[in-house]
Number of protein chains: 2
Amino acid sequence: MKLKELAEQLGLSQTTVSRALNGYPEVNKATRERVSRAAAQFGYSANVNARRLAIGRVGAIGILMPNDRSERFGPHTSEFFSGLAERLSQDEMDLLMSPVTNNDEISAYRRLISSKRVDAIIVTGPTLMDERVTMLIEEKFPFVLHGRTNIEAPHAWLDIDNAGAFRQAASHLLDLGHKHIAMIDGLRGHTFSEHRELGYREALQGRGVPVDPRFIVHERFSDEIGFREAQRLLSYSPHPTAIIAGSMMTALGVFRAIRSKGYELGKEVSIIAHDDVFPYLNASNMVPSMTTTRSSIRSAGTRIAEMLVRVLDGEPVEDIHEVWPVELILRQSSGPPVSPGER
Amino acid sequence: MKLKELAEQLGLSQTTVSRALNGYPEVNKATRERVSRAAAQFGYSANVNARRLAIGRVGAIGILMPNDRSERFGPHTSEFFSGLAERLSQDEMDLLMSPVTNNDEISAYRRLISSKRVDAIIVTGPTLMDERVTMLIEEKFPFVLHGRTNIEAPHAWLDIDNAGAFRQAASHLLDLGHKHIAMIDGLRGHTFSEHRELGYREALQGRGVPVDPRFIVHERFSDEIGFREAQRLLSYSPHPTAIIAGSMMTALGVFRAIRSKGYELGKEVSIIAHDDVFPYLNASNMVPSMTTTRSSIRSAGTRIAEMLVRVLDGEPVEDIHEVWPVELILRQSSGPPVSPGER
DNA sequence: GCACAAATTCAAAGCGCTTTGAACTTTAGT
DNA sequence: ACTAAAGTTCAAAGCGCTTTGAATTTGTGC
């Protein structure tokens, strides 16, 4: 059933029917109801392409999937997407996933824009001077950034307080009496990773604890790397008595490394991990339960979708940015340092 | 730049330019090249909505995200999507993710269809008599199923040999001398879960080993449940000396439970897990490395996208289905049973 | 050179919706 | 009762592309 047929059925013009359905004010209340009822009855629903062609909006948001197996497409992705899609569907917006080909991100973004298949783009995992962001600002193409950059030009973004997360984690460990604290986080260059290191350094320096550069690791997030790096860290003398992990996957590897060295978790070696909140990986149910810095990536997705709508509605982008605080949830994997003899 | 302008620039009609760009045969070779060059030069690219409106195809594939945190949207999702999107982008097809609202799957599918926003749908995680499948067949709406059902009516699907996977795993454990083998898999009702149990039973019964119903667990996939259920299993007497886990997440929990009971992995208690192959969770790097039944869910995504294209091209759906074999990769987490005294 | 077929190109009619600008009704004010 | 204003409805013109059916150009055989 198309608009024309529905209009004929009702003895009305297409104009009126269209307006009734789209909630325009100049339609008589009785007429509107009659139209709605008929639409429901005949199962009418506007052809999206025709509507979008007429309206000049694509009705889709783009997100590029890096094909280099980078951190930007890990296990948190599905959670983030869930959050996004949940909100976008309220406005009948689609989420278009487009893969990056040939490892050329910038030109993939360019292609996505010029193909006119999306109204806006979501950019994730930025570096401090992310060139995708620079490019999108230059092209004046609407986007929201999940994360932050040092780029001055106004743009919309949502980030969590990564520095605060690691600062809190490190401070807590210092409070417990740890003197040798290591961190294993994501790749250098990424804002979140740099900010976390900053927070970590602030905490240590604030207490006059020297920063040992060997104790700062930047690598991809995976259990394997968590394991390997933690093993290395624990082989130093003195070795760290606490490790802060940038992701749950990394933390799993660190858990294993600590155990395989024969140390007791939360005693001889403590661990705090950053948790994006996954339904299938529960920090509180680990053994020992894991102290985490927590921030729901799902909620971030929902919120970013909301910001996107605001951007598309023309709200000035300089007004659209947020930093979310991160909670430190104390559990059993962090405790005062215990030397092996003492237990 | 729009088609009309490009045509004017070239001194050609829209018809010819359109045809040149879309590879129709009735265009002079020289003309076609001239057009292509001009298009590249001006950065012309057809308006997707106009094109789709004219052509009558939406150019998007739909996938519904259950909002009940079910197994259908776990950590494997991003891998599956990657695979899908990679192939779909070759045909300029978008992937549309739509959330299920109000927990009413069927009506969510109905809405997606009647909204005419997708040309076809991908259905995942089916039950044996999945009503979504029945409905889509009835509505004659194109779809490909990731998984299998017992529904007779022809439809396109791709599944892995789940029965074979668990049969192999169980047989291997029996070969090693295990007599008490448990399995922790996904929720009952789901085809993959039922098939796996079938394979498991076949292996045991083939050797005349009795099946203990307490040793068959069907639950959601998560580390937490893996841990809890494995603990329960290990508290029986006699307890299982080997556990087959349906997912890597579950396996992580099982690992912990085995350790927390003080058993040595691969010795007193063995474990084999099914691995969908995640870049961030590597079975071969665990300690001990994990024996797995392996099948790349990413490749499955790519293949399903391919099948989808065939369905849309009108190939008869009864010809479109595949069962993929699953490899058993032997590693250290499975070994002959050792009673605690012996080690 | 000519007739006819083959190869190219074109003008115009959709695809199904939104929206402009005009027309028609009803209401309100005097 | 008459007019201006407000409230409703409508016809028709796009939105930018594909495709039909016709027109034009080029090529072939004699």
Side-chain angles (χ1 to χ4, degrees), chain A residues 1-36 38-39 42-60 91-94 113-119 312-313, chain B residues 1-36 38-39 42-60 91-94 113-119 312-313:
Chain A
M1 155 114 3
K2 45 181 87 167
L3 182 61
K4 195 177 166 190
E5 291 162 16
L6 182 61
E8 276 165 7
Q9 278 288 332
L10 286 160
L12 286 169
S13 71
Q14 295 190 40
T15 311
T16 306
V17 177
S18 166
R19 285 183 166 151
L21 258 24
N22 289 312
Y24 279 59
E26 62 267 56
V27 179
N28 190 313
K29 199 172 174 204
T31 311
R32 186 194 303 285
E33 275 174 12
R34 200 159 64 91
V35 172
S36 306
F42 294 111
Y44 170 81
S45 145
N47 175 310
V48 202
N49 289 320
R51 166 166 234 278
R52 288 173 179 170
L53 174 58
I55 215 172
R57 257 207 201 180
V58 184
D91 284 43
E92 286 244 290
M93 293 230 227
D94 301 339
I113 294 175
S114 71
S115 76
K116 282 164 237 149
R117 288 186 302 167
V118 296
D119 292 318
L312 289 174
D313 283 349
Chain B
M1 155 118 357
K2 43 180 87 167
L3 182 61
K4 196 175 165 194
E5 292 161 16
L6 183 61
E8 277 165 7
Q9 278 286 333
L10 287 159
L12 287 167
S13 72
Q14 295 189 42
T15 311
T16 306
V17 176
S18 168
R19 286 184 164 153
L21 259 23
N22 288 313
Y24 279 60
E26 63 270 55
V27 178
N28 189 313
K29 200 172 173 206
T31 312
R32 186 193 303 285
E33 275 174 14
R34 201 158 65 91
V35 172
S36 307
F42 294 111
Y44 170 80
S45 145
N47 176 311
V48 202
N49 289 320
R51 167 167 233 278
R52 289 173 179 168
L53 173 58
I55 215 172
R57 255 207 202 181
V58 185
D91 284 43
E92 285 245 292
M93 293 231 226
D94 301 339
I113 294 175
S114 72
S115 77
K116 283 165 238 150
R117 287 186 302 165
V118 296
D119 293 317
L312 289 175
D313 282 350

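Reminder, nothing fancy here: chain letters follow the sequence lines and each chain counts from 1.
Distance OG1/B:T15 to OH/B:Y24: 11.5 Å, rounded to 0.5 Å. The distance from the CG atom of A:N28 to the CG atom of A:L12 is 10.5 Å, given to the nearest 0.5 Å. The line from CD of B:E8 to NZ of B:K2 is 10.0 Å long, rounded to the nearest 0.5 Å. For the atom pair A:R51 CZ and A:S18 OG, the distance stands at 7.5 Å (nearest 0.5 Å). Here the CZ atom belonging to A:R52 is positioned 8.0 Å from the CG atom belonging to A:D119, to the nearest 0.5 angstrom. Interatomic distance, CZ of B:R117 versus CG of A:N49, reported as 11.0 Å (0.5 Å rounding).
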Below 3.5 Å is the cut-off: list the nitrogen or oxygen pairs between protein and nucleotides 5-10 of chain C, distance only.
unit_1, atom_1, unit_2, atom_2, d
C:dT9, OP1, B:T31, OG1, 2.8
C:dT9, OP2, B:N28, N, 3.1
C:dC10, OP2, B:S13, N, 2.8
C:dC10, OP2, B:S13, OG, 3.2
C:dC10, OP2, B:T16, OG1, 3.0
C:dC10, N4, B:R19, NH1, 2.8

Please list, pair by pair, any protein nitrogen or oxygen found under 3.5 Å from a nitrogen or oxygen in nucleotides 14-16 of chain C.
unit_1, atom_1, unit_2, atom_2, d
C:dG16, OP2, A:K2, NZ, 2.6
C:dG16, N2, A:A50, O, 3.4

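Distances shown here put a side-chain N or O of B:Y24 below 4.0 Å from the OP1 or OP2 atom of D:dT19. For the OP1/OP2 pair of C:dT18 and a distance below 4.0 Å, the side-chain nitrogens and oxygens of A:S18 include at least one atom meeting the criterion.
Contact detail for A:Y44 and A:L21: the closest heavy-atom pair is CE2-CD2, 3.7 Å. Nearest heavy atoms, A:V17 versus A:L6: CG1-CD2, 3.8 Å. The shortest non-hydrogen separation linking B:A50 to A:L53 is CB-CD1, 3.7 Å.
The existence of a salt bridge linking A:D94 and A:R57 is excluded, since no basic side-chain nitrogen approaches an acidic carboxylate oxygen closer than 4.0 Å.
The distance from atom NZ of B:K4 to atom P of C:dA12 is 12 Å, rounded to the nearest whole Å. Between A:R57 atom CZ and C:dT19 atom P there is a gap of 11 Å when expressed in whole angstrom units.
Rounded to 10°, the helix from C:dG1-D:dC30 to C:dT30-D:dA1 has 30° between the axis fitted to its first five pairs and the one fitted to its last five.
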